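Just so you know, ligand 1 is whichever comes first in the structure, and atom 1 is the first atom listed for that ligand. Quantities reported herein were computed from a predicted structural model and do not represent experimental measurements.
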Amino acid sequence: MERVNRVKAIIFGAPGAGKGTYSTRLQNQLGVDVIAMGDIFRESVKQNSELGKKVKNYVEKGALVPDNVVVEVLKNRLNQIPPNTGFLLDGFPRTIEQATTLEHIAKIDVILQLDVPDEIIIERLSSRRICKNCNAVYNIRFLKPKVEGKCDKCSSELYQRPDDNIEVIKNRLHIYKTQTEPLIAYYKQKNIPFIVSITRSLDSPPEPMVIKMLADLKALGMG
Ligand code: ADP
Ligand code: ZN
């Protein structure tokens, strides 16, 4: 029987654009692994592992972790992906240098771009909450959990990320604009297909957008 090679995608967008939210929802539908750099770093900080000690200061300030550290983590994580399982990269690459490195490691089929204006991002990030256990993303204003303060999926406690405060949010957005956004032109020039999901309202629920994205992927023969 013919083996299916699952999609290898980058989920791309500003902080708070919804990368984590989309990834979790796309994950089951597509049968792919999600590699979420920020989640890996936060977990290692929590565990106070060697990696955690290296990245703590950067993550708390919203600064970029040095490329050699990030690339090492990515390689390790990609090695754990079973054969014929695709992946979604959430939070990598974030610089042109990282993108060039990625070219030597894996071939990307498609970029899933989330386009959200700054005003919405700042509003969202300052009211965002994350599950301590499974990293599911909520928002106390726009995407509430069923029970206040508890994760719908695993009932664990929700918390606010320390980098979701206004000063650090501004820093993350600045880094995004100057270092990460140029990747759009970079990948367009490489002729990698894009699927763009545009949000223009604060309370747009993700489900219909995810369904649309799945349909677009299918249309490209990647669903
Ligand atoms: P965001 O919500 O801003 O997209 P993430 O959860 O993806 O945040 O990442 C959190 C932090 O982890 C970043 O602010 C940065 O310090 C670090 N980080 C994540 N991915 C990378 C990367 N590819 N390169 C460098 N640093 C990274
Ligand atoms: Zn949870």
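A salt bridge is defined here as a Lys NZ or Arg NE, NH1 or NH2 lying under 4.0 Å from an Asp or Glu carboxylate O, and E72 with K75 fails to meet this definition. Taking the charged nitrogens against the carboxylate oxygens, K54 and E50 have no contact shorter than 4.0 Å, which rules out a salt bridge. Using a 4.0 Å cut-off between charged nitrogen and carboxylate oxygen, D115 and R200 count as a salt-bridge pair. In summary, D109 and K107 engage in a salt bridge, as defined by a charged side-chain N under 4.0 Å from a carboxylate O. Comment: R172 engages D164 in a salt bridge, judged by a side-chain N to carboxylate O separation of less than 4.0 angstrom. For E157 and K150, the salt-bridge test fails: no basic side-chain N is under 4.0 Å from an acidic carboxylate O.
I108 and L217 fall into different hydrophobic clusters, where Ile, Leu, Val, Met, Phe, Trp and Tyr side chains are chained together by heavy-atom contacts under 4.5 Å. V34 and V73 fall into different hydrophobic clusters, where Ile, Leu, Val, Met, Phe, Trp and Tyr are joined by side-chain heavy atoms under 4.5 Å apart, directly or via other members.
In this structure, K61 has no heavy atom closer than 4.0 Å to ligand 1.
Inclusion of D39 in the set of residues having an N or O under 3.5 Å from an N or O of ligand 1 is not warranted. Not a single N or O atom of D90, backbone or side chain, sits closer than 3.5 Å to an N or O atom of ligand 1. By the 3.5 Å distance cut-off applied to N or O atoms, V65 is counted among the residues near ligand 1. Considering backbone and side-chain atoms alike, G91 places an N or O below 3.5 Å from some N or O of ligand 1.
The protein heavy-atom contact nearest to atom 14 (O) of ligand 1 is G62 CA, 3.8 Å. Among all non-hydrogen protein atoms, the one lying nearest atom 11 (C) of ligand 1 is V59 CG1, 4.1 Å. Counting protein heavy atoms only, atom 8 (O) of ligand 1 is closest to R161 NH2, 3.2 Å. In this structure, the protein non-hydrogen atom closest to atom 10 (C) of ligand 1 is R42 NH1, 3.5 Å. What sits closest to atom 9 (O) of ligand 1 on the protein, heavy atoms only, is G38 CA, 3.5 Å. Of all protein heavy atoms, the one closest to atom 27 (C) of ligand 1 is F41 CE1, 3.8 Å.
For ligand 1, the atoms closer than 4.0 angstrom to any heavy atom of K19 are 4 (O). Residue M37 has at least one heavy-atom neighbour below 4.0 Å for each of these atoms of ligand 1: 19 (C), 20 (N). Per-residue contacts place Y58 under 4.0 angstrom from the following atoms of ligand 1 (heavy atoms of the residue considered): 16 (O). The contact set between ligand 1 and L64, taken as ligand atoms under 4.0 Å from a residue heavy atom, comprises 25 (C), 26 (N).
For the pairing with L30, the side chain to side chain contact (heavy atoms under 4.5 Å, CB included) check across D33, L26, N28 returns one residue only, L26.
Distances from atom 16 (O) of ligand 1 to the heavy atoms of P93, G13, A63 show the closest one on A63. Compare R128, Q98, R94, R172 by their heavy atoms: the one nearest to atom 7 (O) of ligand 1 is in R94.
Within 6.0 Å of OH on Y58 lie no more than 12 heavy atoms contributed by other residues, nucleotides or ligands. A 6.0 Å sphere centred on CD of E148 holds no more than 12 heavy atoms belonging to other residues, nucleotides or ligands.
Neither the backbone nor the side chain of E97 has any atom closer than 4.0 Å to an atom of ligand 1 (non-hydrogen atoms only). With a 4.0 Å heavy-atom cut-off, ligand 1 is reached by the side chain of V70 but not by its N, CA, C or O.
F12 does not carry K19 over the face of its six-membered ring by the limits of under 6.0 Å from the centre and within 45° of the normal.
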